[in-house]
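Lettering follows sequence order; numbering is per chain, from 1. What you see below is based on every heavy atom in this structure, not just the backbone, and it leaves out hydrogens, waters and symmetry mates.
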Amino acid sequence: MIQVYTQNIKGTWFALACAEQRIYGTSFAETEQKALNSLLNNLPYNIPFQVLISPSACARDTFGLLEAVFEGKDANLNLNLATDKLPAYTKRVIEATMQIPVGYVASYGSVAKAVGGGPRAVGNVMAGNAFAPLVPCHRVVKSDFTLGGYGGGLKVKYQLLSKEKRGYSSGLKIRLYEGDLQVYPVEYSLRAIEGLF
DNA sequence: TGCAAACCATAAC
DNA sequence: GTTATGGTTTGCA
């Protein structure tokens, strides 16, 4: 039985699905209804769930993490995501995305080069990300550093990235099991979209 | 800039 | 099996 919770944190509604310390999905939106909908959309439909009011300890911790990420703070994310039911490639992309540090962005193509496949395939995984914003798909942008797309709306993607500025001035190569992931300072992106929001 | 073609894993049929 | 569909990229006019 999966437990589902919703919580309003500083004006934004978050939804969370978990069971036995494992996270099955997270989402956020401007209304409780929308957050719940997008969460349940990504949940395996054949698994029963119940919506609870008072959060478990695990739920409280996870809501805390969600808030931290949403506020652009550095959060240590060694979480227990229930990704085992996802296709292998999807899992690889998600894991690579989680390696992008706060303050940096990677392009769809750069992720693709690291894990295999093509840029559009990476975009597809992002579009279906059931763990936003814990899996920081907002840190994946186009090769020209403009934003690309975002499930929660581009304005939100922009706001998240703005809060993650850390003042880095050069890129970074991150060693993954599959290959190297090239990332760039988030400032590159903010500069590229200057004036658009 | 803008457009067309190549790209690649999924989901849907 | 096959097709349709993207949160893309690159090349070329």
Side-chain angles (χ1 to χ4, degrees), chain A residues 12 14-15 17 24-30 34-35 37-47 66 69-70 72 77 81-165 171-174 176-197:
Chain A
T12 301
F14 291 83
Y24 282 79
T26 63
S27 72
F28 66 93
E30 62 266 26
K34 284 186 184 176
N37 277 344
S38 79
L39 178 79
L40 297 180
N41 264 339
N42 291 321
L43 226 49
Y45 63 91
N46 52 346
I47 297 185
L66 283 166
V69 173
F70 199 71
L77 304 175
L81 301 183
T83 56
D84 27 86
K85 196 57 202 106
L86 299 173
Y89 181 76
T90 302
K91 238 188 306 190
R92 291 221 302 285
V93 172
I94 284 180
E95 270 168 32
T97 304
M98 285 204 294
Q99 298 306 122
I100 308 173
V102 178
Y104 291 96
V105 294
S107 73
Y108 298 96
S110 147
V111 174
K113 239 191 293 182
V115 305
R120 306 196 70 173
V122 172
N124 278 332
V125 174
M126 297 309 178
N129 178 21
F131 304 99
L134 291 184
V135 172
C137 51
H138 58 277
R139 292 181 202 143
V140 183
V141 298
K142 287 215 213 176
S143 60
D144 64 359
F145 292 109
T146 58
L147 292 191
Y150 195 64
L154 285 182
K155 203 181 312 171
V156 176
K157 186 167 184 174
Y158 161 72
Q159 288 167 345
L160 283 169
L161 291 179
S162 296
K163 294 178 190 166
E164 295 188 347
K165 270 188 291 190
L172 207 60
K173 245 191 183 89
I174 297 176
L176 300 184
Y177 184 72
E178 302 92 350
D180 287 350
L181 174 63
Q182 180 68 47
V183 301
Y184 305 90
V186 64
E187 280 82 357
Y188 287 15
S189 259
L190 296 174
R191 197 178 315 147
I193 59 173
E194 204 170 344
L196 288 184
F197 298 90

Which nucleotide in the list B/dA9, B/dC7, C/dG7 gets nearest to the side chain of A/Ala127? C/dG7

I want to verify a distance call: between C/dT10, B/dT10, C/dG6, whose nearest atom is closest to the A/Arg120 side chain? C/dG6

OP1 or OP2 of C/dT9 versus the side-chain N and O atoms of A/Ser143: is any pair under 4.0 Å? yes

Taking the minimum atom-to-atom distance to the side chain of A/Pro87, which one of B/dT10, C/dG7, C/dT9 wins? B/dT10

Nearest-Å distance for atom pair CE/P, residues A/Met126 and B/dA11: 15 Å

Given atom NZ of A/Lys142 and atom P of B/dG2, what is their separation to the nearest angstrom? 12 Å

Touch class at under 4.0 angstrom, heavy-atom based, for A/Gly149 against every strand present: base

note: A/Asp144, atom CG; C/dG7, atom P; distance rounded to Å ~ 17 Å

Contact class for A/Gly128 (heavy atom, under 4.0 Å): base, sugar-phosphate, or nothing? nothing

Between atom OH in A/Tyr89 and atom C1' in C/dG6, what is the gap in whole Å? 13 Å

May I ask you to evaluate whether A/Ser107 reaches the phosphate of C/dT8, defined as a side-chain N or O under 4.0 Å from OP1 or OP2? no

To the nearest 0.5 angstrom, please state how far the CZ atom of A/Phe145 sits from the CG atom of A/Leu190. 11.0 Å

Could you state the CG-C1' distance from A/Leu86 to B/dA11, rounded to the nearest angstrom? 14 Å

A/Lys155 to A/Tyr150, cation-pi by 6.0 Å centre distance and 45° axis angle: no

In terms of relative ring orientation, are A/Phe28 and A/Phe14 parallel, tilted or perpendicular, with 30° and 60° separating the classes? tilted

Under 4.0 angstrom, heavy atoms only, what part of the nucleic acid is A/Val140 near: base, sugar-phosphate, or nothing? base

Distance, rounded to the nearest Å, where A/Arg92 contributes CZ and B/dA9 contributes P: 9 Å

Rounded to whole Å, please give me the gap between NZ in A/Lys85 and C1' in B/dT10. 13 Å

Base, sugar-phosphate, or nothing: which does A/Tyr108 touch, judged by heavy atoms less than 4.0 Å apart? base

Whole Å only: how far is the CG atom of A/Asn124 from the P atom of C/dT3? 19 Å

Roughly how far apart are A/Asn129 CG and A/Cys137 SG, rounded to 0.5 Å? 4.0 Å

Mate of B/dC8 where both pairing distances stay under 3.5 Å, Watson-Crick or G-U: C/dG6

Taking A/Val115 as the fixed residue, which of A/Thr97, A/Val93, A/Leu181 is the one that meets the side chain to side chain contact (heavy atoms under 4.5 Å, CB included) rule? A/Val93

